[in-house]
Amino acid sequence: MGPNSAFLLLVFGLLGIYCELIWPGRVLPGVLGAAAVLAAAYFLVHESLQSTGLVLLAAAILLLLGEALGGPYFVLGFLGTIALTAGFVLLLPDSRRINPEIAIPVSVAFGTVTTLLASVAKRARRNKWSGTDGPK
């Protein structure tokens, strides 16, 4: 399996896990997503990963988690999407690099979906806490 296929498998696996988190109880998306992420990670780890790409991916994960857990709307998600895109483009050396024509649009779409889901989750949490004042 090449790096482009492993990258796409990783993203689709993460989207399957997102589907399981959004609609809990449907076991199939979560199981298939986890299997796809594990398979993609297996194939990507056997490549010679660049430290710059790994640092950018770690920063992207932290920024996207920050978007989901608090912070201003869309700022951390936007920065996380940029770090995610750059991280995937720079993850492998030039000879085995993930094709930028695939990595850039897929990473931007994945980061956008993650940011939008995080904003919806923040809004839902805010509405839940504002409605727990008790009976009036």
Side-chain angles (χ1 to χ4, degrees):
M1 176 178 285
N4 293 325
S5 302
F7 165 70
L8 291 173
L9 190 62
L10 176 69
V11 170
F12 287 125
L14 289 172
L15 289 174
I17 293 172
Y18 279 1
C19 289
E20 180 67 32
L21 293 174
I22 293 170
W23 300 294
R26 297 186 173 140
V27 177
L28 193 60
V31 169
L32 291 177
V37 166
L38 290 173
Y42 175 79
F43 287 113
L44 285 175
V45 166
H46 282 69
E47 300 287 337
S48 59
L49 301 177
Q50 302 293 316
S51 60
T52 306
L54 289 173
V55 169
L56 285 168
L57 288 177
I61 290 169
L62 291 175
L63 288 166
L64 291 172
L65 280 173
E67 176 71 34
L69 299 175
Y73 281 90
F74 302 113
V75 173
L76 297 176
F78 178 72
L79 294 173
T81 301
I82 292 171
L84 184 76
T85 303
F88 277 125
V89 169
L90 299 174
L91 184 62
L92 299 172
D94 288 335
S95 61
R96 298 284 295 163
R97 186 163 284 173
I98 297 170
N99 192 350
E101 288 84 19
I102 295 172
I104 293 171
V106 171
S107 296
V108 168
F110 181 76
T112 303
V113 166
T114 302
T115 302
L116 292 175
L117 287 175
S119 70
V120 169
K122 282 193 291 192
R123 190 174 316 123
R125 275 196 311 264
R126 186 184 66 231
N127 290 341
K128 177 183 174 187
W129 290 111
S130 66
T132 59
D133 298 338
K136 294 182 180 183

> Taking the hydrophobic residues Ile, Leu, Val, Met, Phe, Trp and Tyr, and joining any pair whose side-chain heavy atoms are under 4.5 Å apart, which ones share a cluster with Val27?
Replying inline: Val31
> Which of these, Asn99, Ile98, Leu91, Ile102, sits in a side-chain contact (heavy atoms from CB on, under 4.5 Å) with Pro3?
Replying inline: Ile98
> For the residue pair Val89 and Ala103, what are the closest heavy atoms and their distance?
Replying inline: CG2-CB, 3.9 Å
> Excluding sequence neighbours, so at least two apart, what forms side chain to side chain contact (heavy atoms under 4.5 Å, CB included) with Phe74?
Replying inline: Thr115, Leu116, Ser119
>> Is there a continuous path of hydrophobic side-chain contacts, each under 4.5 Å between heavy atoms, that joins Val37 to Leu54?
In response: yes
> How many angstroms lie between atom CG of Leu62 and atom CG of Leu79, to the nearest 0.5 angstrom?
Replying inline: 12.5 Å
> With sequence neighbours left out, which residue pairs that include part of residues 67-93 fulfil the side chain to side chain donor-acceptor pair (under 3.5 Å) condition?
Replying inline: Glu67-Lys122, Tyr73-Arg126
> Which residue pairs satisfy the salt bridge (charged side-chain N to carboxylate O under 4.0 Å, His left out) criterion with at least one member in residues 31-43, sequence neighbours excluded?
Replying inline: none
> Do you know which of Leu56, Leu57, Val106, Leu63 makes side-chain contact (heavy atoms from CB on, under 4.5 Å) with Leu84?
Replying inline: Leu57
> What residues join Ile61 in its hydrophobic cluster, counting side-chain heavy atom gaps under 4.5 Å, either direct or through other members?
Replying inline: Leu65
Give the table of side-chain donor-acceptor pairs shorter than 3.5 Å for residues 42-50, with sequence neighbours excluded, one pair per line with atom names and distance.
unit_1 : atom_1 : unit_2 : atom_2 : d
His46  : ND1    : Tyr42  : O      : 2.7
Glu47  : OE1    : Arg96  : NE     : 3.1
Glu47  : OE2    : Arg96  : NH2    : 2.8

>> Under the salt bridge (charged side-chain N to carboxylate O under 4.0 Å, His left out) definition, can you give me all pairs with a residue in residues 68-94, not counting sequence neighbours?
In response: Asp94-Arg97
> Hey, what else clusters with Leu32 if you join Ile, Leu, Val, Met, Phe, Trp, Tyr whenever side-chain heavy atoms sit under 4.5 Å?
Replying inline: Leu28
>> So, using side chain to side chain contact (heavy atoms under 4.5 Å, CB included) as the criterion, who are the partners of Ala68 when residues are at least two apart?
In response: Ala118
> Applying ring pair (Phe, Tyr, Trp, His ring centres under 6.0 Å), which residue pairs with at least one partner in residues 81-113 are found, sequence neighbours left out?
Replying inline: Phe7-Phe88, Tyr18-Phe110
>> Quick test of your reading: applying salt bridge (charged side-chain N to carboxylate O under 4.0 Å, His left out), list the pairs with at least one residue in residues 73-82, sequence neighbours left out, ordered by first then second residue.
In response: none
> Taking only residues two or more places apart in sequence or in another chain, which ones pass side chain to side chain contact (heavy atoms under 4.5 Å, CB included) with Ser5?
Replying inline: Met1
>> Starting from Leu10, can I reach Leu21 by hopping between I/L/V/M/F/W/Y residues whose side chains sit under 4.5 Å apart?
In response: yes
> Do the side chains of Leu8 and Leu15 join up, straight or via other hydrophobic residues, at under 4.5 Å, putting them in one cluster?
Replying inline: yes
